[in-house]
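Please read the structure below before turning to the comments.
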Amino acid sequence: MNNINKLKIFNDPIYGFVSITNPLIYDLIQHPYFQRLRRISQMGMSYLVYPGAHHTRFHHALGCMHIMQKTVQVLRFKGVEISEAEENALYIAILLHDIGHGPFSHAMEHSIVEDVNHESISLLFMDKLNREFNGELDLAIKIFKGEYHRKFMLHLISSQLDMDRMDYLKRDSFYSGVAEGNINSERLIQMLDVQNDMLVIEEKGIYSVEKFLVARRLMYWQAYLHKTSLAAELVLTKILKRAKELTQHGRILTASSPLQFFLQNKISQEDFNDKVLYTFSMLDDFDVISAIKEWRFEDDFVLSNLCRMLIDRDLPKIRLQSEKVSKDEVKKLKDEFILKYKLTEKEADYFVFKGKIKNQAYNKTGEPIHILKKDRSVEDVVEASDQLNLKALSKPVTKYYLCFPKVLLEKAVI
């Protein structure tokens with residue numbers, strides 16, 4: 001295919017037309033590793049709460065690249081020098097920033113791979129692609145790892161006001177219908193500048209930053225940490241954990257060969273060689289859902305019941321509260337469940353459990369959002385803002401949850 005045929009445009013419901021501006025970007029998008037993102041949902045199990053939330057990581061990555069293109073235009077207009085090589089590296093880094101996500105985005109990290117986060121896997125994919133593309137991703141990888149001397153470029157990809165957050169808030173708000181998450185990314189981008197190698201926002205854009213932080217907080221409580229999608233995500237994690245436990249004890253479960261591989265093997269960061277990476281690239285939401293549909297009919301009480309809960313959307317009850325859940329309360333519910341179904345304590349742990357979630361819209365200890373004042377001095381947004389609620393937004397809010405099957409509601413006074 002000649003290079004001119006690789007300069008494509010496609011239609012995005014949020015931004016309108018999005019352009020692929022060079023042949024390398026086109027080839028990366030066409031690569032099976034990237035096409036796999038069409039089969040990874042962006043918001044995990046949230047579609048069980050918000051029926052429209054069926055958009056994918058593919059959608060999100062292209063949206064991030066589009067707003068990075070807009071940002072490069074704005075910064076150049078303001079006199080920030082960005083070479084063509086740096087520009088392409090920024091597009092590649094943001095395009096591939098989420099390529100390491102497993103099925104349903106976060107559930108894999110806590111169940112069938114051993115504490116390997118998606119950022120590490122993204123980097124492994126980038127290194128593999130770099131070998132395939134003869135080192136053309138060198139600079140993108142350097143920026144992504146924070147090893148490039150121009151630090152503001154890393155902040156565009158990963159910071160408290162990066163392209164990733166700007167796209168996912170707007171996109172997740174659009175598809176879920178949670179209007180509170182909608183942000184004015186256009187204005188935020190127009191206000192961006194660079195001062196002393198720091199990404200800054202012009203002072204007149206401060207209200208857009210405040211709105212962005214408030215929107216982020218509301219999206220966490222209303223969508224990402226919504227108690228029903230939290231319950232669904234926890235059940236999914238428990239299903240994968242139980243399936244792995246049974247497989248490790250010799251049980252043969254129906255599953256696709258990539259899923260089978262991760263159930264049979266303990267895979268940690270050190271084990272991720274090219275063969276494991278390739279197997280991981282074969283894995284997506286469809287493998288997991290089709291396996292769960294099959295596992296409903298297994299004779300293991302734990303696995304079959306958890307799978308039915310998810311497929312039929314008959315999820316466990318989850319209660320959120322400000323204080324820690326007492327061990328006595330968990331024990332009381334667990335004992336009832338053990339008695340009712342003749343289970344072991346270990347089996348009951350899959351159905352009755354507690355935990356905590358944290359929401360922090362702005363982290364004061366991280367790289368701050370810098371506001372560029374009229375006198376060219378730079379200040380943290382919390383200090384620059386006259387809004388008292390920004391100080392509140394930078395305090396982490398922790399909530400504790402108790403999860404238990406609905407059958408226990410008949411007796412329990414909760």
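One-based numbering along the sequence shown.
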Could you check whether any side-chain heavy atom of Val80 comes within less than 4.5 Å of a side-chain heavy atom of Phe152, counting everything from C-beta outward? yes
Side chains of Ile20 and Ile9, heavy atoms from C-beta outward: is any pair under 4.5 Å? no
Do Asp172 and His60 meet the criterion of a side-chain donor-acceptor pair at a distance under 3.5 Å? no
Counting distance only, does the side-chain N/O of Lys211 pair as donor-acceptor with the main-chain N or O of Asn182 below 3.5 Å? yes
Value for CD (Glu202) from CD (Gln190), rounded to nearest 0.5 Å, stands at 9.5 Å
List the atom of Glu203, the atom of Ile371, and the distance in Å for their closest heavy-atom pair. CA-CG2, 3.8 Å
Salt bridge or not for Asp274 and Arg131, using N-O below 4.0 Å? yes
Are the ring centres of His118 and His97 closer than 6.0 Å? no
Side chain to side chain contact (heavy atoms under 4.5 Å, CB included) between Val378 and Lys373: does it pass, once the steps are laid out? CA-CA 6 Å; Val378 172; Lys373 308 289 282 287; over 6 Å; no
Parallel, tilted or perpendicular: ring planes of Tyr168 versus Tyr224, cut at 30 and 60 degrees: perpendicular
Check: Ile29 and Leu62 side chains under 4.5 Å, non-hydrogen atoms: yes
Can Arg171 and Asp167 be counted as an ion pair, charged N to O under 4.0 angstrom? yes
Examine distances only and state if a side-chain atom of Ser229 and a backbone atom of Ala223 form a donor-acceptor pair shorter than 3.5 Å. yes
Does a salt bridge link Asp138 with Lys142, judged by any charged N lying under 4.0 Å from a carboxylate O? no
Per the ring-ring contact (aromatic ring centres under 6.0 Å, His included) rule, which among Phe351, Tyr350, Phe404 passes with Phe337? Phe351
Do side-chain atoms of Arg216 reach the backbone of Ala361 as a donor and acceptor pair under 3.5 angstrom? yes
Quick one: list whatever passes side chain to side chain contact (heavy atoms under 4.5 Å, CB included) with Glu347, sequence neighbours left out. Arg242, Val302, Leu343, Thr344
Hey, is the main chain of Ile189 close enough, under 3.5 Å, to the side chain of Lys70 for a donor-acceptor pair? no
Which distance, rounded to the nearest 0.5 Å, do you find between the CG of Leu154 and the CG of Asp162? 9.0 Å
Evaluate whether atom CZ of Arg165 has more than 12 neighbouring non-hydrogen atoms of other residues, nucleotides or ligands under 6.0 angstrom away. yes
Carboxylate-amine/guanidinium contact Lys238 Asp349, below 4.0 Å: no
Please find the pair of heavy atoms, one from Lys170 and one from Ile183, that lie closest to each other, and give the distance. NZ-O, 3.0 Å
Anything under 30° is parallel, anything over 60° is perpendicular, the rest tilted; go ahead and classify Phe272 against Phe280. perpendicular
Could you go step by step and tell me if Lys324 and Glu329 meet the salt bridge (Lys or Arg N to Asp or Glu O under 4.0 Å) rule? CA-CA 11 Å; Lys324 286 185 177 177; Glu329 199 171 357; over 6 Å; no
All heavy atoms of Tyr15 vs all of Ser185, minimum pair found to be CE2-OG, 4.4 Å
Report yes if the side chains of Cys64 and Leu95 come closer than 4.5 Å at any heavy-atom pair, otherwise no. no
Spacing of CG belonging to Asn88 relative to CG belonging to Leu139, to within rounding of 0.5 Å: 9.5 Å
Taking the side chain as every heavy atom from C-beta outward, state whether Leu306 and Trp295 have any atom pair closer than 4.5 Å. no
Kindly say whether Arg296 contributes a backbone atom to a donor-acceptor pair with the side chain of Arg308 at under 3.5 angstrom? yes
Any donor-acceptor N or O pair under 3.5 Å, side chains Ser326, Asp328: no
Pi-cation contact, Phe286 with Arg39 (under 6.0 Å, within 45°): no
Are side-chain N/O atoms of Asn184 and Ser208 paired as donor and acceptor at under 3.5 Å? no
Starting at CZ of Arg187, measure out to CD1 of Ile201 and round the result to the nearest 0.5 Å. 9.5 Å
Side-chain donor or acceptor of Gln248 paired with backbone N/O of Gln264 under 3.5 Å: yes
Using a strict threshold of under 4.0 Å (side-chain N to carboxylate O), is an ion pair present between Arg251 and Glu245? no
Could you report the tightest heavy-atom contact between Phe34 and Leu28, atom names first, then the distance? CB-O, 3.2 Å
Are Lys128 and Glu132 close enough for a salt bridge, meaning some N to O gap below 4.0 Å? yes
Is it true that atom CD of Glu186 has more than 12 heavy atoms of other residues, nucleotides or ligands lying nearer than 6.0 Å? no
Let me see the working for Tyr175 and His59 under side-chain hydrogen bond (donor to acceptor under 3.5 Å, both in side chains), right down to the final yes or no. CA-CA 11 Å; Tyr175 281 98; His59 253 136; 3.2 Å; yes
Leu234 and Phe353, any side-chain heavy atoms less than 4.5 Å apart: yes
What pair of heavy atoms forms the shortest contact from Glu367 to Gln160, and how long is it? O-NE2, 3.2 Å
When rounded to the nearest 0.5 Å, the distance separating NZ of Lys406 from CD1 of Ile318 is 11.5 Å
Counting N and O atoms only, with roles assigned by atom type, does the side chain of Asp287 sit under 3.5 Å from a partner on the main chain of Leu283, one being a donor and the other an acceptor? no
Mark yes when over 12 heavy atoms from residues, nucleotides or ligands other than Phe10 sit less than 6.0 Å from its CZ; otherwise mark no. yes
Would you say the side chain of Leu75 lies within less than 4.5 Å of the side chain of Val194, judging by non-hydrogen atoms? yes
Please list all pairs passing the side-chain hydrogen bond (donor to acceptor under 3.5 Å, both in side chains) test where one or both residues lie in residues 352-363, with sequence neighbours left out. Tyr362-Asp380, Asn363-Thr365
Within the distance-only criterion (no hydrogens, no angle test), does the side chain of Asn273 pair as donor or acceptor with the backbone N or O of Lys275 below 3.5 angstrom? yes
Side chain of Ser46, backbone of Met43: donor and acceptor closer than 3.5 Å? yes
Looking at every heavy atom in both Ile92 and Ala140, which two are closest together, and how far apart are they? CG2-CB, 3.7 Å
Candidate pair Arg76 and Glu81, rule salt bridge (Lys or Arg N to Asp or Glu O under 4.0 Å), full reasoning: CA-CA 6 Å; Arg76 278 183 175 155; Glu81 280 188 35; over 6 Å; no
Is the count of non-hydrogen atoms from other residues, nucleotides or ligands lying under 6.0 Å from Lys151 atom NZ greater than 12? yes
Has Lys227 got its NZ or CZ under 6.0 Å from the middle of the six-membered ring of Trp221, at an angle within 45 degrees of the ring axis? no
I'd like to know whether Gln321 forms a side-chain hydrogen bond (donor to acceptor under 3.5 Å, both in side chains) with Tyr401, so could you lay out the CA-CA distance, the side-chain angles of the two residues, the decisive distance to 0.1 Å, and finally the verdict. CA-CA 6 Å; Gln321 58 187 53; Tyr401 63 79; over 6 Å; no
Nearest-0.5 Å distance, CG of residue Leu192 to CD1 of residue Ile67: 9.5 Å
Test item: Glu233 side-chain N/O and Gly44 main-chain N/O as donor-acceptor pair under 3.5 Å: no
Less than 3.5 Å apart, any donor N or O on the side chain of Ser173 or Glu180 sitting next to an acceptor on the other? no
